[in-house]
Structures are given as C-alpha cells and as structure tokens.
Amino acid sequence: MEKKTFYITTPIYYPSDKLHIGHSYCTVATDAMARYKRLKGYDVMFLTGTDEHGQKIENKAAEAGVTPQQFVDNIVEGEKGVKDLWKLMNISYDRFIRTTDDYHVAAIQRIFKKMYEKGDIYKTTYKGKYCTPCESFWTESQLKDGCCPDCGRPVVEAEEEAYKFRLSKYADRVRDLLENTDFLLPRSRVNEMIHNFIEPGLEDLCVSRTSFKWGVPVDFDDKHVVYVWIDALFNYTTALGFMNDKYPESDYNKFWPADVHFVGKEIVRFHSIIWPAMLMSMEMPLPKHVYGHGWLLLDGGKMSKSKGNVVDPYLLAERYSADALRYFLLRDFPFGSDGNFSNELLINRINTDLANDIGNLLSRSTAMADKYFGGKLPAEQAEGAEDADFLALVSGLRARYEEQMEKYAFQSALAEVFAVIARANKYIDETAPWVLAKNEETKPRLARVLYNLAETLRLCTVLLTPFMPTACEKIFEQLGVAENGRTWESAETFGVLSQDAELHKGENLFPRIDAAKELAELDAIQEAKKAAATPAEEAKPELPKVEITDREPEITFDDFCKVELRVCKIIACENIKESKKLLKLTVYDGEKERTIMSGIAKWYKPEDLTGKNVGVVMNLAPRAMMGGKYTSEGMIFAADTEDGAAAIAFYPDSALGKRIH
Ligand code: MSP
C-alpha cells in the first residue's frame, strides 16, 4: 500500500539579518510536526528556505558594500547562517528553497506570464501614497496616522506604471473559503481577516515594482520586477517542480496541495487571502490549511534587530542543547497565541521538566536496575497494588497525545506526556523500590516496578522524539530499547520493552542549571550585544552649541500661515553679468513660472540647481533689483552656514507645488 503523504512548510525567511529565536520557533514547530508525521508512517515533505529578493535586501547589501547575491549567500550559507542554525537545531527539512535559485526565478516568470495572459494580471498606472525614504507605495488603509507604516514619515501622492492582480475578482470565493471551511486556523484568525481585510473590500493588488532591481524581472517587460510576495508564495509549489525542471513534476502531483503552511500571524493575510486567490487564478488546488501562530515577545514587544532586543537561538542551543531549547519553545507557549520569552522561563523549564522530571526518572530507574539487577531485570516479576492506578494513566497516552498533535497543540501534547512522567515519579515514591531491594522475597516485585518505570519511559520517549530527537535516542539507548520499541505502533501497547533489555545508567542528559549564575551571564551577554548593535543610540552624541542672537518675537499660527511656503522646481538658472553674487532663477510651482534673484552664485553653479526642487517663499512682494533691471518675485530657502556658504534644501519631485509647513 502506498504511504500517505504529508506536505508541511515554514515561511521562507528574509535573509536580511541573522535569524532570531522567533524564526526558530516556527521552524522548530514545523520540524516537530514533520517528525511526528514521519513517526506515524507518512511520506513527509518538509520544505523551508529563504525569501531573498526585495528592496530591503538590496539596501542592506549596498550598506555592506557587497552585491545582493553575495549578501544573501553569506547569511544563508555562511558561518552561523540560516543553514548552520537549522543544522544546530536539528531541523530535518527535506528541501531548502532559495528564491534566487534559477529554477525558481524561471518558474515565477512563467507563472506571472500565465496570469497575465489569462487577464488576471493587467498593466495600469498605480496611484498611491509613496514614502520616499523607504521607496514604498502604500494604500490609504495601510497608512498609520497618515504616515508610512514602516518608518512613520510623511508620504506623498505618487504614480508609477505597474501590473496589478485582480484580487477583487476572487473576493467572494476567498471569503467563502475563510468563513465556511477550516482552511485558516486557529478560527480566531478568520475573524481578523474578515473584519480587517475582506469587509473593507479587496482591491486589486499591485504585483510589480519599477523602483528597484533586485527581484525576478517580468520577462516580457523587464523594467518591472515581480512583487516579492508573488515570488515568495509560489515557492511552495516551485520547490515541488511546478513549472520547472529542477524537480520532477511527480513531486508536485504527489505532495500538492500542502497539508499545512505554518506562518506567523502578521503574514496570515498573504497566506489566507492573496495566496488562495492566486492559486484560484492559476486553477491550482488550494492548501488544506494555513495555521497562523503567535509571536514570541520580549518584554511584551516584538523582537527587532534595530531595537537590539533579539534573542540569539545559536547561543541558547549551544549552551543548553538544541533539544532543551526545542522542548521549551513548544512546551511553554501555546502555538496559536503570543508568548513572552524570557531566559528565566527557559531555565526554569529545563530545570523542572527536563532535569527534575524526566532526567530524574531516567537516572533513578536505570541506576536502580543497574544496582539491584546488574541492568537486566529478571523474568520473575510480581504485580502490586500500586500498579493499576499508575498504568491507567499510561494507557491511552498515545491517543491523548495524538488528539492534541493533530490540532497542532504542541503544548498540550507535551503536557500529556509530562503528566505521565510526573505520575511515574510518584509511583517510585509509592512503591519505594529501595525498601523492596532489601528483601529477597520482594525482588520480583522490585523487578516489576522497575520494568513498569522503564516501559513507561520508553513509551513517553517515543512520543517525545519529534521534540527532542537527540536526547530521545540516548534515552532509548540507556533503556536498551530495540528498534521495535521506538515506533509509533509500539507507543500504543504497554509491555513492548523486551524482558532481555539491558538497562544502564548513562550520561546525565539534562544537567541542572544554576539559574542565578546563568541568568547573570546571559544578561551580561545580551547587554554587550545591545551596546555593540546600537552604539549610536547608546552613546548620545554631544550636541554642538550655537549662540543665537536674533530671535524673533512669537507669532500666532495664523500669522505663520500667511506666509506661503511652497516647493518649486528650478527650471532655469543663469549667472548675470551685473553681479558676481546673484543667480537668476526661474522657478515653476506647478502652475506658473516666476523669477527669483538669489545671492548664492558663490556656492552654486547654475547647472547644480537646474531641475532641482527647492523651498520658496511665494508671497513676498516683488522687489526690484540691479537698478530695476530685474525683479525678484520670491525667495528660495537657503541657510547661512558657519563659513558663510548658503545651503539649500532639496525636495523630492513628488512634492512639487506642495505647501511647506
Ligand atoms: N519572507 C516572508 C515570508 C514569506 S513566506 C512565503 C517573511 N519573512 S520573515 O523572515 O520576516 O518572517 C518569517 C516568519 O518568522 C514569519 O512567519 C514571522 O511571523 C516569523 N517570526 C519573526 N519574528 C517572530 C517572533 N518574534 N515570534 C514568532 N515568529 C516570528 O515574513
């Protein structure tokens, strides 16, 4: 019989910086799910990768003085880069896609063209709000208090030629998908999407850019590059060979549609609205589920590299083991909601669950088996009064765990396993094996107690392998568990551990951590990093002192508004023979031209100024100059500088004719 398939993905990460614990969180969850499904016998495809195009990467590369490709190569493949991190974290991905891979680029061009030929992508002029420093267009609804949502600066009206995708055409079908199916999980995310995006109405989406180059060129109009989100979302299919030759099409037929995309909550919109709409346009099947998980917060806020408050997964995994970190991430935070990360929580969790509960159970059980029976439990065993209650909890554990795992409720699945582990420790206290060991007659009872403990541990360990693969191997080894005792099937039956199993006390898998000492060290490391990351913010530069002697009396706002300040374009500029100081400027305010005489000839040549936008005082009464030969009809903004030079402020083209406040 053919194996059932399971296709699961992480988002593809932006390699604009080293990844942090938030990124690891999603990848670890995906890995646990992939391993769980493999354990259950599925033929799993687990895809992850990096989303390498876009303005931000282009800028970062320019800042670093390297090409964008060199920049992303370093972050993805370089030392302690993305791939190194996933290796350290024991991430068992089957495929890793980079959106700069040739096969992906070619496939995206084909996909874009297909939607264009179908009429779902069309060429138009895009009018919108533009943030000049960020070089980004925004729709009215994306603005925050009327300003750029990324940097908070004012935006201006602007136009560019663009391709748009007919998102509006698919609005009803997307709404139906969200409201009437379990496509998007958890359910609370559906309400967010309907309320915030569907109800206000879906507008067609701009899917090309001309303002930067680092992207997939539209091959039939190469002034444009494909919008990064189109490039990014289709990774889930190009990595299966869709519209390319890198992988056989049979992969696509076998694994598409995906069983689930795990994504963070802020990108649910792209995955649950834009993605299905584009797939509908391409007439492709839709993924079965999108799961929008919560964020790991730090001090209640989002981690961000620029704030210098990111947590480094590398450091923590190297210090405490990848297994401990993986376990903590999925045990402490409910997957669907936000959670507050702290080193203290991490260390507490390691000390209580791992060092105390499972670590102790393992070392006590194996040490007693060693001490009393040389590691091999005798065949003669006796049941006792304490068994029934204990074993009742153990039986049915796999089913309880499975129920939670199928809902992606990692926290609850782990809580089920650790309830059994806690109960097993209590069983040791109830049965007091050290007392049983004192008497030959009670040795069969002792043997059974130790068998029950080892078998319970084995069963729990099977279920923990998706979370802590390395440690679980070692536990199996200490318990002498053969291959048949490591399978999913074996976790349903109590008694699989062979009577001949050789138990031995091995290394301490989860040493107890001195919390106070570790916390102090971690804090010191974090502080040092913060200081290194943000020297400019930490050490406030001393501000220069200037003596101001010509302050004006206060005026009212209305008085100020009487001065008409506006952005004008200098459309002509010349020296005049009558004066070495003056330049004659012709400025244009969008409606009409005027002449301004300005005493800046010493610092600016006419060719420096022609074509530039400057600030102008518009409603100054005209003034005759050079004996009436010239009339100046305004003033341009220029600051006096220390050395007497004039400094003119220039404005972007999009500001032409606009008031200056
Ligand atoms: N490149 C896009 C995804 C394209 S998928 C077709 C992107 N990249 S990202 O690097 O910014 O984020 C990747 C994922 O990491 C997102 O799902 C995001 O939610 C997740 N996380 C980033 N910081 C996080 C936390 N602090 N906590 C949990 N997850 C967070 O978006």
Side-chain angles (χ1 to χ4, degrees), residues 8-31 47-57 60 72 75-76 81-82 85-86 89 91 95-100 104 107-108 111 150 189 192 207 214-216 226-240 258 260-276 278-279 287 290-313 316 325 328-330 332-342 408 410:
I8 186 168
T9 65
T10 70
I12 48 173
Y13 300 95
Y14 290 130
S16 52
D17 253 315
K18 291 259 147 89
L19 299 190
H20 59 64
I21 195 91
H23 305 113
S24 306
Y25 177 54
C26 181
T27 308
V28 163
T30 313
D31 187 60
L47 174 71
T48 189
T50 39
D51 182 2
E52 307 190 350
H53 290 124
Q55 173 99 72
K56 192 161 174 195
I57 304 248
K60 283 260 180 175
V72 293
I75 293 201
V76 177
V82 178
L85 176 62
W86 296 156
M89 296 295 292
I91 304 300
R95 248 166 230 184
F96 191 104
I97 185 168
R98 299 183 56 184
T99 55
T100 52
H104 173 78
I108 291 300
I111 290 166
D150 267 2
R189 303 267 178 234
E192 280 170 39
V207 289
W214 183 240
V216 176
V226 175
Y227 176 44
V228 276
W229 272 99
I230 304 236
D231 172 1
L233 286 162
F234 275 98
N235 93 85
Y236 301 131
T237 60
T238 60
L240 296 179
V260 64
H261 297 306
F262 277 179
V263 303
K265 63 177 186 178
E266 86 283 19
I267 58 171
V268 163
R269 175 166 78 95
F270 296 97
H271 284 83
S272 69
I273 296 176
I274 296 172
W275 182 219
M278 286 193 305
L279 289 168
V290 167
Y291 190 98
H293 66 77
W295 281 345
L296 283 192
L297 306 174
L298 199 63
D299 305 321
K302 192 157 192 240
M303 291 179 202
S304 99
K305 200 88 188 180
S306 59
K307 283 196 244 160
N309 71 344
V310 294
V311 174
D312 178 7
L316 298 177
L325 184 57
F328 161 71
L329 289 174
L330 298 178
D332 263 57
F333 309 106
F335 194 45
S337 331
D338 290 352
N340 234 324
F341 175 93
S342 80
Y408 315 117
F410 304 106

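Both ligands and their constituent atoms are indexed starting at 1 by order of listing. Worth saying up front: this structure is predicted, and the values here are computed from it rather than measured.
- With ligand atoms numbered from 1 in the order given, ligand 1 contributes 1 (N), 2 (C), 4 (C) to contacts under 4.0 Å with heavy atoms of Asp51.
- When each atom of ligand 1 is checked for a heavy atom of His20 under 4.0 Å away, the hits are 23 (N), 24 (C), 26 (N).
- Listed by atom number, the atoms of ligand 1 under 4.0 Å from His293 heavy atoms are 28 (C), 29 (N).
- Remark: ligand 1 and Ile12 share an N or O pair separated by less than 3.5 Å (distance only, no angle test).
- In this structure a side-chain-to-backbone donor-acceptor pair under 3.5 Å is present from Trp214 to Glu52.
- The backbone N or O of Gly300 sits less than 3.5 Å from a side-chain atom of Asn340, completing a donor-acceptor pair.
- Not a single N or O atom of Ile267, backbone or side chain, sits closer than 3.5 Å to an N or O atom of ligand 1.
- For the atom pair Ser24 OG and Leu325 CG, the distance stands at 7.0 Å (nearest 0.5 Å).
- Between Arg98 and Val72 the shortest side-chain heavy-atom distance falls below 4.5 Å.
- Proximity to Ala232 (heavy-atom distance under 4.0 Å) selects the following atoms of ligand 1: 6 (C).
- The only member of Trp295, Phe328, Phe410 that meets ring-ring contact (aromatic ring centres under 6.0 Å, His included) when paired with Phe333 is Phe328.
- Note on ligand 1: Trp275 sits outside its first shell, no heavy atom being nearer than 4.0 Å.
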Between Tyr408 and Phe335, is a ring-ring contact (aromatic ring centres under 6.0 Å, His included) present by the stated rule, with each step listed? CA-CA 7 Å; Tyr408 315 117; Phe335 194 45; 7.5 Å; no
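- Against a heavy-atom cut-off of under 4.0 Å, Gly294 is close to the following atoms of ligand 1: 28 (C).
- No option in Phe234, Trp275, Trp229 other than Trp229 meets the ring-ring contact (aromatic ring centres under 6.0 Å, His included) test with Phe270.
- Among the atoms of Leu233, none of the N or O lies under 3.5 angstrom from an N or O of ligand 1.
- Under 3.5 Å, the side chains of Thr99 and His104 contain no donor-acceptor pair of N or O atoms.
- For atom 24 (C) of ligand 1, the closest non-hydrogen atom of the protein is Gly22 CA, 3.7 Å.
- Tyr13 CD2, 3.4 Å is the protein heavy atom nearest to atom 13 (C) of ligand 1.
- Between Asp17 and Lys60, at least one side-chain N (NZ, or NE/NH1/NH2) sits under 4.0 Å from a carboxylate O, which counts as a salt bridge.
- Polar contact with ligand 1: present for Glu266 (N/O pair, distance under 3.5 Å).
- Scanning all protein heavy atoms for the shortest distance to atom 27 (N) of ligand 1 gives Leu296 N, 2.8 Å.
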Run the ring-ring contact (aromatic ring centres under 6.0 Å, His included) test on Tyr236 and His271 for me, step by step, so that the C-alpha distance in whole Å, both residues' side-chain angles and the decisive distance to 0.1 Å come before the verdict. CA-CA 11 Å; Tyr236 301 131; His271 284 83; 5.6 Å; yes
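- Not one N or O on the side chain of Arg95 forms a donor-acceptor pair closer than 3.5 Å with the backbone of Leu240.
- Interface of His23 with ligand 1, defined as ligand atoms under 4.0 Å from a residue heavy atom, comprises 10 (O), 15 (O), 22 (C).
- Within ligand 1, the atoms closer than 4.0 Å to a non-hydrogen atom of Pro11 are 5 (S), 14 (C), 17 (O), numbered from 1 in the order shown.
- When the heavy-atom distances from atom 6 (C) of ligand 1 to Phe270, Tyr14, Tyr236 are ranked, the shortest goes to Tyr236.
- Every atom of ligand 1 is numbered from 1 in the order shown, and the set under 4.0 Å from a heavy atom of Gly264 is 17 (O), 19 (O).
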